[in-house]
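Computed from a prediction, not measured in an experiment: that's the story for all the values here. Residues: numbered from 1 along the sequence shown.
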Amino acid sequence: SNKAKSIQLLVNDTKKVEVVRFSEKTTYVNANSIKEFIKNDVIIVDGKPGEVAKKIKRVLITLPNHKVITTQGLAKIINQPKIPYTLVDARPEGRYQAGHLPGSLSIPVKALSKSWKLLPSNKEQLLVFYCGGPTWGFSQKSDRLAEKKGYSNVKVYLQGVQGLIK
């Protein structure tokens, strides 16, 4: 809560919920303020339990440049129907139902290995995966699975569902 100057987070190693306090002296990496953090962000906190965090870092997923499609690139493809492509939302189905990019299919990363029939049979056709943004990782996992299955023109839209909506 911004008013209480604290956030709750699940610690992966222990599976326990911890409360992290922050203040105007807390610095942020890959975010301008605590308001930019969203559910499922992976973060690293520099601070001791019970004390105000010195630094909170939002961990971003990185990919080689040739694997990433920009907002402008994706918008161009969506607006030019002559370019065959498949856009896939790799988030859980409930997230897709709450809002998704126009023309996308919902194939959660956990269901992808059983959903190949939903993807184009032409494995050279452009296939774009997205998820909730650069901290989620669902689209990157889907990208790796698709390449292992033989798809050769796979891209990831790192900005995720919020990128095109903004």
Side-chain angles (χ1 to χ4, degrees), residues 1-3 5-13 15 17-22 26-47 53-79 83 85-113 115 118-119 126-149 151 153-166:
S1 141
N2 205 24
K3 188 174 183 178
K5 301 277 188 209
S6 66
I7 56 172
Q8 291 183 350
L9 57 97
L10 177 65
V11 179
N12 284 338
D13 296 342
K15 301 296 183 210
V17 175
E18 298 282 342
V19 175
V20 174
R21 293 178 29 218
F22 59 92
T26 302
T27 58
Y28 303 97
V29 178
N30 297 324
N32 293 317
S33 73
I34 201 72
K35 292 178 183 179
E36 291 183 23
F37 291 78
I38 59 173
K39 186 177 178 181
N40 294 325
D41 273 354
V42 175
I43 65 172
I44 298 172
V45 178
D46 180 9
K54 295 175 188 166
K55 179 170 55 174
I56 302 175
K57 178 181 179 180
R58 187 177 185 197
V59 179
L60 302 179
I61 304 296
T62 57
L63 289 169
N65 285 341
H66 74 278
K67 295 296 304 169
V68 176
I69 189 165
T70 64
T71 300
Q72 294 81 8
L74 183 58
K76 182 179 177 182
I77 290 166
I78 289 171
N79 292 320
I83 300 172
Y85 72 96
T86 301
L87 182 60
V88 180
D89 187 333
R91 300 174 302 156
E93 177 70 26
R95 295 285 180 160
Y96 178 85
Q97 295 301 331
H100 55 273
L101 297 181
S104 63
L105 301 174
S106 174
I107 307 177
V109 67
K110 289 184 178 184
L112 184 58
S113 62
S115 304
L118 298 175
L119 296 180
L126 178 60
L127 185 56
V128 179
F129 290 100
Y130 74 92
C131 58
T135 61
W136 285 46
F138 295 141
S139 53
Q140 294 79 357
K141 290 176 186 172
S142 294
D143 166 67
R144 285 194 302 274
L145 290 170
E147 284 191 337
K148 285 181 183 178
K149 193 69 174 171
Y151 288 88
N153 192 8
V154 184
K155 302 278 186 193
V156 172
Y157 180 55
L158 280 177
Q159 285 73 24
V161 70
Q162 297 302 322
L164 213 56
I165 292 172
K166 287 181 183 177

Separation between OH (Tyr28) and CD (Glu36), nearest 0.5 Å, reads 10.5 Å
The reported gap from CD1 in Ile83 to CD1 in Ile78 (rounded to nearest 0.5 angstrom) is 11.0 Å
(Q) Parallel, tilted or perpendicular: which one describes the rings of Tyr96 and His100, with boundaries at 30° and 60°? (A) parallel
Open item on the list: Tell me if a side-chain donor or acceptor on Lys155 pairs with a main-chain N or O of His66 at a distance below 3.5 Å.
Closed with: yes
In terms of heavy-atom contacts, Ala53 and Val20 come closest through CB-CG1, 4.0 Å
Closest heavy-atom pair, Tyr157 versus Thr70, reported as atoms and distance to 0.1 Å, is CE1-C, 3.8 Å
### Contact check, side chains of Asn153 and Leu127, non-hydrogen atoms, under 4.5 Å
no
In terms of heavy-atom contacts, Gln140 and Leu63 come closest through CG-CD1, 3.9 Å
For Ser6 and Phe22, the nearest pair of non-hydrogen atoms, with its separation, is N-CE2, 3.1 Å
d(Ile56 CD1, Ile34 CD1) to nearest 0.5 Å is 4.0 Å
Got a donor-acceptor contact below 3.5 angstrom from the Ser142 side chain to the Pro108 backbone? no
Side chains of Asn30 and Val59 in contact at under 4.5 Å (non-hydrogen atoms): no
For this session: For side chain to side chain contact (heavy atoms under 4.5 Å, CB included), just list the numbers for Leu119 and Val88, CA-CA rounded to whole Å, side-chain angles, deciding distance to a tenth of an Å, and then say yes or no.
Result: CA-CA 9 Å; Leu119 296 180; Val88 180; 3.8 Å; yes
Applied to residues 87-106, the salt bridge (charged side-chain N to carboxylate O under 4.0 Å, His left out) test, sequence neighbours excluded, yields Asp89-Arg91
Heavy-atom closest pair (Ser115 atom, Ala111 atom, distance to 0.1 Å) is OG-O, 2.7 Å
Between the CZ atom in Arg144 and the CG atom in Leu112, the distance rounded to the nearest 0.5 Å is 12.0 Å
To the nearest 0.5 Å, atom CD of Gln159 lies from atom CD1 of Ile69 at 10.0 Å
Across all chains, not counting sequence neighbours, the salt bridge (Lys or Arg N to Asp or Glu O under 4.0 Å) partners of Glu147 are Lys67
d(Leu9 CG, Ile43 CD1) to nearest 0.5 Å is 4.5 Å
| request: Carefully, step by step, assess Leu74 and Leu87 under the rule side chain to side chain contact (heavy atoms under 4.5 Å, CB included). | output: CA-CA 9 Å; Leu74 183 58; Leu87 182 60; 4.1 Å; yes
Here the pair of heavy atoms bringing Tyr130 nearest to Ser104 is OH-OG, 3.0 Å
